[in-house]
2 protein chains.
Amino acid sequence: MENRLKELRESLAMTQEELAARAGVSRQTIISLEKGKYNPSITLAYKLSKIFGLSIEELFMLNEGGEKI
Amino acid sequence: MENRLKELRESLAMTQEELAARAGVSRQTIISLEKGKYNPSITLAYKLSKIFGLSIEELFMLNEGGEKI
DNA sequence: GCAAAATGTCAAGTGTACTTTACAATGATG
DNA sequence: CATCATTGTAAAGTACACTTGACATTTTGC
């Protein structure tokens, strides 16, 4: 698993659709992020970090190279 | 000023070219970021935050809507 | 005051984050 | 089993992050 998104979403009992709505993006975007298909924009990363009460770094677990762990 | 990038770069006595090289992007990208023309990718935001020893949030001062203050 | 370094601007191009739509697969519940 | 909610997949299109290159302007140091 590339990030904690799916795990966190499920811990809040949210559907992909709900999370997408709260973050202001499409459901497809949430799916792709959960699958690690691409990196979110800083804006979306920030919104998601607020929803989950984490820092961007905590949520997307970046290493020194700026790549996902 | 949309963010603290220029101010921080100057405080470290770095040229745009040096910062661009350290962040692994073009000088043009640094110029545009300093001017607030667009938001960095999360990867670039992370690299810059490491260079300046700040969190992404501290560096790019985002508000609740995910927009710059 | 001149030269060189640093900064800025413009424009065209590439890559990728994100959207939209449509449909298939899986899972939960009566 | 049947049905509905949820998740997944695929493909084509749009927006924007980022590059490259060429040149103009400002700043700095001798």
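Keep in mind that what you see is a predicted model, and the values were worked out from it rather than measured. Numbers restart at 1 for each chain; the letters A, B, ... are given by sequence-line order, proteins then strands.
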Open item on the list: Does any part of the side chain of A:Ile51, heavy atoms only, come nearer than 4.5 Å to the side chain of A:Leu8, both counted from C-beta?
Closed with: no

Task: Sequence-aligned protein contact record of nucleotides 3-12 of chain D, with B where the base is within under 4.0 Å of a protein heavy atom and S where only the sugar-phosphate is - done: ---SBBBB--

Task: Minimum heavy-atom distance between A:Arg27 and A:Gln16, given as atom pair plus value - done: NH1-OE1, 3.3 Å

- [ ] Taking all heavy atoms of B:Glu34 and all of B:Lys6, pick out the closest pair and write down the distance.
- [x] OE2-CA, 3.7 Å

- [ ] Would you mind checking if B:Glu58 and B:Arg4 are paired as a salt bridge, meaning a charged N to carboxylate O distance below 4.0 Å?
- [x] no

Please give, in whole Å, the distance from [N] [atom2] to [X] [atom1]?
X       : N      : atom1 : atom2 : result
A:Lys47 : C:dA17 : NZ    : C1'   : 13 Å
B:Tyr38 : C:dT16 : OH    : P     : 15 Å
A:Asn39 : C:dG15 : CG    : P     : 17 Å
A:Phe60 : C:dA17 : CZ    : P     : 12 Å
A:Ile30 : C:dA17 : CD1   : C1'   : 13 Å
B:Leu44 : C:dT16 : CG    : C1'   : 14 Å

Starting at [atom1] of [X], measure out to [atom2] of [Y] and round the result to the nearest 0.5 Å.
X       : Y       : atom1 : atom2 : value
B:Asn39 : B:Phe60 : CG    : CZ    : 8.0 Å
B:Glu57 : A:Glu57 : CD    : CD    : 5.5 Å
A:Phe52 : A:Ser11 : CZ    : OG    : 7.0 Å

For residues 17-26 of chain B, run the donor-acceptor check on the side chains, cut-off 3.5 Å, and write out each pair with its distance to 0.1 Å, sequence neighbours left out.
{"unit_1": "B:Glu18", "atom_1": "OE1", "unit_2": "B:Thr15", "atom_2": "N", "d": "2.9"}
{"unit_1": "B:Ser26", "atom_1": "OG", "unit_2": "B:Thr29", "atom_2": "N", "d": "3.2"}
{"unit_1": "B:Ser26", "atom_1": "OG", "unit_2": "B:Thr29", "atom_2": "OG1", "d": "3.1"}

Task: Test side-chain contact (heavy atoms from CB on, under 4.5 Å) applied to B:Pro40 and B:Thr43, B:Leu44, B:Ile42, the passing residue - done: B:Leu44

Open item on the list: Any side-chain N or O of A:Thr29 below 4.0 angstrom from OP1/OP2 of C:dC18?
Closed with: no

Open item on the list: Need one value for A:Ser41: base, sugar-phosphate or nothing, where a base atom within 4.0 Å counts as base even if backbone is also close, heavy atoms only.
Closed with: sugar-phosphate

Open item on the list: Quick check on the helix from C:dG1-D:dC30 to C:dG30-D:dC1: what's the angle between its two end axes, five base pairs per end, to the nearest 10°?
Closed with: 50°

